[in-house]
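Data first, discussion second: the structure below is written as structure tokens.
Sequence lines set the chain letters: A, B, ... in the order given, protein chains first and strands last, and positions in each chain run from 1.
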Number of protein chains: 4
Amino acid sequence: MTTTQVTLVQIDNYGPWTVTPEPRREMDLQALQSRLFADIAQFMGPRDAYVFSTRYDNMIAVTNGLDGAAHAALQESIGNRYPVSVSLGTGVAERPIDALESANRLLQTEGSAQDEGRTEVLAGDYLTETTPSDLQIGHFDVVNVTGKYTDRLNEFDTFLNVERAYSSLTRYLREEHGALSFFVGGDNIVAVCPDLPERAFADAVAHVEADADIELQVGVGRGASPHEAGFAAKHALEACRAGGTSVELSGASILGD
Amino acid sequence: MTTTQVTLVQIDNYGPWTVTPEPRREMDLQALQSRLFADIAQFMGPRDAYVFSTRYDNMIAVTNGLDGAAHAALQESIGNRYPVSVSLGTGVAERPIDALESANRLLQTEGSAQDEGRTEVLAGDYLTETTPSDLQIGHFDVVNVTGKYTDRLNEFDTFLNVERAYSSLTRYLREEHGALSFFVGGDNIVAVCPDLPERAFADAVAHVEADADIELQVGVGRGASPHEAGFAAKHALEACRAGGTSVELSGASILGD
Amino acid sequence: MTTTQVTLVQIDNYGPWTVTPEPRREMDLQALQSRLFADIAQFMGPRDAYVFSTRYDNMIAVTNGLDGAAHAALQESIGNRYPVSVSLGTGVAERPIDALESANRLLQTEGSAQDEGRTEVLAGDYLTETTPSDLQIGHFDVVNVTGKYTDRLNEFDTFLNVERAYSSLTRYLREEHGALSFFVGGDNIVAVCPDLPERAFADAVAHVEADADIELQVGVGRGASPHEAGFAAKHALEACRAGGTSVELSGASILGD
Amino acid sequence: MTTTQVTLVQIDNYGPWTVTPEPRREMDLQALQSRLFADIAQFMGPRDAYVFSTRYDNMIAVTNGLDGAAHAALQESIGNRYPVSVSLGTGVAERPIDALESANRLLQTEGSAQDEGRTEVLAGDYLTETTPSDLQIGHFDVVNVTGKYTDRLNEFDTFLNVERAYSSLTRYLREEHGALSFFVGGDNIVAVCPDLPERAFADAVAHVEADADIELQVGVGRGASPHEAGFAAKHALEACRAGGTSVELSGASILGD
């Protein structure tokens with residue numbers, strides 16, 4: 001059984017800020033959003049947690065191992081260095097989507113994302129103990145994306161192919177399992193899952209093949225932290241590449257319940 | 001008639017680099033990719049050009065106004081400051097997709113994206129003159145995303161709604177018009193279009209309503225540079241918000257052919 | 001009695017890298033150096049540690065609270081994201097200069113700063129326990145720098161005045177007490193000291209007045225971490241500003257030995 | 001005869017901002033200051049201009065080639081992405097110190113650096129033409145710093161040696177010639193000079209030898225832009241290293257008046 005701690009990072013009142021007193025230059029917004037995300041990634045990374053850019057004004061993080069003090073430190077640092085501030089809500093549940101639901105509710109209860117009076121909410125449940133089976137992560141990529149797409153099509157059509165695969169996979173995993181999947185660049189998708197057997201990953205690959213006509217492969221890992229699970233998943237994915245297989249579970253994934 | 005200059009920014013040999021000698025920590029890759037994109041955005045921005053993160057190892061930029069020397073300067077700076085280098089191909093055509101096709105071919109001719117012997121390609125056609133009607137940009141967003149989604153659903157389901165709208169719009173505009181559209185955060189989509197009449201934008205909004213059940217609005221702008229067109233589009237979008245309309249063309253958009 | 005843990009961060013083989021195969025553009029080096037320092041500051045900050053840019057290719061950090069694993073994490077992240085790598089040596093002693101001496105020797109023993117075969121050294125002694133009196137930090141600034149200098153002289157002459165004050169103070173504190181002092185911007189100097197009585201700070205202020213003809217004031221704080229001591233020092237400095245005094249010890253500084 | 005365009009970049013009302021409502025964490029201030037400087041370096045670099053961190057809340061840039069529009073673009077981008085804004089004053093004169101004096105006066109006339117009502121000043125004289133002899137830059141470093149200091153002493157004592165050399169050189173060049181010199185990391189000093197003959201550089205080296213007991217070498221370059229002059233100086237410095245000489249002028253430096 002998994003235990004997933006999810007944090008929603010929401011920039012306070014961002015929509016209005018981007019157009020007040022006038023719309024701001026697009027490349028400045030892109031740089032600000034990307035560097036804020038990178039800073040959060042650099043905060044999460046050495047703590048073995050993960051964060052995904054998602055919509056940039058709203059970012060989803062998997063934060064097993066981070067307590068309230070760590071969240072407060074992140075919030076304060078951003079508040080000191082950016083022209084915007086962030087609210088952080090955290091929830092814990094077996095399924096990632098349910099943990100996110102809790103996290104979200106904490107913020108929505110305090111006020112709207114565009115309520116200028118609601119800033120720097122810091123609330124949530126934080127795990128006090130972790131176990132090696134808490135998280136399960138699948139790292140998917142497209143089989144031979146370079147040969148089939150990148151070196152042959154124009155980049156936008158390659159992108160649309162990868163996007164179609166992501167779109168199909170992410171909805172399937174969310175609806176079937178309450179998993180949260182994110183495109184992380186190139187042809188890579190990281191899926192944060194509840195406790196799923198190997199067959200569930202094979203089914204997901206088959207679904208995307210049938211639904212989007214794209215061939216994926218996946219490495220699956222387990223761990224007490226996102227990094228532990230995710231890094232094991234990356235290594236398992238290398239095994240797919242080496243062995244020509246569709247699904248590989250890292251040693252650490254073969255767990256009883 | 002539009003004239004679009006598109007540059008493909010491709011990180012050389014990135015796939016192999018991310019796993020050699022061993023896979024690298026995911027949050028380090030995320031930070032590197034995002035900061036590289038932000039640096040390119042900060043190079044493009046003051047030159048009135050635009051860049052979109054796309055797949056991060058491959059980024060699409062609209063570079064009307066940037067010549068070969070500017071591209072060389074960008075390439076050199078990245079080569080001096082990152083553990084990776086980039087190849088830059090640039091093409092010019094009436095339709096954005098065709099300009100990208102040319103740009104892509106320049107790189108693909110030199111070698112694979114994963115050919116460690118192919119690095120820092122710098123090739124292309126660069127506009128020597130620009131006119132105020134060269135570019136047309138539509139800036140779309142979701143009508144009342146905060147009220148309908150962000151304050152009510154969990155972030156992932158909100159994201160899936162925005163993603164569905166983007167997916168529908170981007171394919172429609174690419175297939176119908178050879179336009180290139182990009183999700184830029186929040187609920188915003190920036191579409192780089194050929195010369196389209198107002199009705200074409202209304203049709204696009206109607207298509208997404210029917211196909212994805214999401215209501216979009218769009219501001220359209222025209223200009224000699226991406227910033228000029230895009231900023232006019234942002235202002236026109238504010239007019240949609242103020243007037244409750246679906247499509248607004250900025251003054252500068254009302255051009256004869 | 002203080003216990004200071006000091007880490008030397010040294011970029012491996014940096015001199016040769018900056019000119020191989022050719023000298024690199026100065027502004028690229030400046031951006032790389034400054035962003036590397038900022039990344040390390042963002043690693044240290046939430047862990048309540050401090051780092052100072054010093055010579056950029058060599059940076060001095062005060063790392064009470066950081067163990068070997070934290071140092072390894074920092075080293076790995078830099079190695080994944082920069083075109084250079086760093087060696088980290090850590091020492092512990094009562095006086096800051098002695099802790100640095102130990103840290104330095106660990107690197108120098110392994111090889112030259114410009115030995116391309118010596119990379120990513122990770123060695124040292126790390127504190128396993130901390131106490132509230134471990135560190136003493138003095139935060140100095142120039143009395144009324146804005147009125148006396150910034151608003152009256154050209155910036156370079158203002159800078160030379162601040163530099164003269166720093167030069168005088170830093171040598172005095174190093175020679176008298178084995179303290180390490182760093183200019184941190186504006187008119188601020190942060191001094192990491194052994195256990196000094198209030199009078200020692202008054203003497204330092206008097207020395208700079210006589211030697212450099214610049215009037216300083218100082219807030220002094222004590223703590224188990226650099227942040228704890230340094231933040232208390234900042235608050236004490238505000239008391240100097242408010243009360244017109246030269247030396248203020250924060251409540252936490254009034255410790256028996 | 002040289003023509004130097006100098007811009008003073010001053011953060012508006014920074015002192016008060018750093019302590020309002022409370023003092024801010026030191027490492028957040030360090031990261032913000034360093035990243036702001038790096039951003040400005042990345043703006044200046046591809047335009048062949050130079051900027052030096054100086055006191056961080058006040059930075060001196062040499063901006064031959066940048067007009068008012070470029071300065072406005074920089075100011076706007078910073079204002080969109082940071083919690084602070086900057087004022088920019090620019091002056092032109094034969095001697096760097098005099099150009100800075102003009103630039104400074106433009107800001108001081110508008111209001112204090114700590115006047116919360118004075119923000120985003122943008123004023124100055126901008127060159128409309130440039131010639132290859134406009135700037136002269138000397139790039140100094142310490143002869144064999146690694147062998148004499150870095151590999152033998154602790155870093156702080158090495159730093160104090162380099163600092164003593166910088167202190168001596170910078171005052172000498174400012175008083176004798178109105179030059180502006182900056183420590184740029186490692187053992188490197190970049191001096192922006194008026195028109196000086198080779199002998200003047202030999203005299204400067206001799207002065208530092210006598211005054212601070214440190215042996216420097218220097219490469220000198222000339223150009224229409226800071227990069228042109230500075231890069232020629234870097235190459236000339238390599239000639240010092242190769243030939244064991246104290247002073248080398250790049251080919252481009254041998255100019256008649």
Between [X] and chain B, with a heavy-atom cut-off of 4.5 Å, which part of the residue counts as in contact: side chain, backbone, both or neither?
X        : result
A:Asn104 : side chain
A:Phe183 : side chain
A:Phe159 : both
A:Val184 : both
A:Gln33  : side chain
A:Phe52  : neither
A:Asp157 : side chain
A:Asp48  : both
A:Leu29  : side chain
A:Leu8   : side chain
A:Ala103 : neither

With a 4.5 Å heavy-atom cut-off, do A:His227 and B:Glu26 have their side chains touching?
no

Do A:Thr158 and B:Asn58 touch side chain to side chain, with heavy atoms closer than 4.5 Å?
no

Which answer fits [X], side chain, backbone, both or neither, if we ask what part of it has an atom under 4.5 Å from a heavy atom of chain A?
X        : answer
B:Val145 : side chain
B:Leu160 : both
B:Leu180 : both
B:Phe37  : side chain
B:Thr146 : side chain

Whether A:Arg25 side chain and B:Gly45 backbone form a donor-acceptor pair below 3.5 Å:
yes

Tell me if a side-chain donor or acceptor on A:Arg35 pairs with a main-chain N or O of B:Arg35 at a distance below 3.5 Å.
no

What parts of residues 171-178 of chain A touch chain B if we use heavy atoms and a cut-off under 4.5 Å?
A:Arg171, A:Arg174

Is there a donor in the side chain of A:Gln42 and an acceptor in the side chain of B:Asp28, or the other way round, less than 3.5 Å apart?
yes

Do you know which of [options] has the most heavy-atom pairs with chain B at a distance under 4.5 angstrom?
options                      : value
A:Val190, A:Asp39, A:Leu107  : A:Asp39
A:Val162, A:Asp187, A:Leu153 : A:Leu153
A:Gly185, A:Gly186, A:Ala41  : A:Gly186
A:Glu163, A:Arg55, A:Arg152  : A:Arg55

Rounded distance (nearest 0.5 Å) linking atom [atom1] of [X] with atom [atom2] of [Y]:
X        : Y        : atom1 : atom2 : value
B:Glu155 : A:Ile97  : CD    : CD1   : 10.0 Å
A:Ile40  : B:Gln30  : CD1   : CD    : 12.5 Å
A:Asp115 : B:Asp151 : CG    : CG    : 9.0 Å
B:Gln108 : A:Thr150 : CD    : OG1   : 8.5 Å
A:His235 : B:Glu22  : NE2   : CD    : 4.5 Å
B:Asp98  : A:Asn154 : CG    : CG    : 9.0 Å

Take atom CG of B:Asp213 as the centre, draw a 6.0 Å sphere, and report whether it contains more than 12 heavy atoms from other residues, nucleotides or ligands.
no

Any idea which of B:Gly111, B:Ala31, B:Gly15, B:Pro46 has the most non-hydrogen atom pairs under 4.5 angstrom with chain A?
B:Ala31

Greatest number of non-hydrogen atom pairs under 4.5 angstrom with chain A, of B:Tyr166, B:Tyr56, B:Tyr50, falls to B:Tyr50

Closest non-hydrogen atoms of B:Phe231 and A:Pro23, given as atom of the first, atom of the second and distance, are CZ-O, 3.2 Å

Set out, in order, the CA-CA distance, both residues' side-chain angles and the distance that settles side-chain hydrogen bond (donor to acceptor under 3.5 Å, both in side chains) for A:Arg164 and B:Ser167, then state yes or no.
CA-CA 8 Å; A:Arg164 189 170 75 248; B:Ser167 193; over 6 Å; no

Please test B:Phe182 against A:Phe156 for ring pair (Phe, Tyr, Trp, His ring centres under 6.0 Å), starting from the C-alpha separation and ending with a verdict.
CA-CA 10 Å; B:Phe182 304 89; A:Phe156 198 74; 5.6 Å; yes

For residues 11-20 of chain B, pull every pair meeting salt bridge (Lys or Arg N to Asp or Glu O under 4.0 Å), keeping only residues two or more places apart or in separate chains.
B:Asp12-B:Arg118

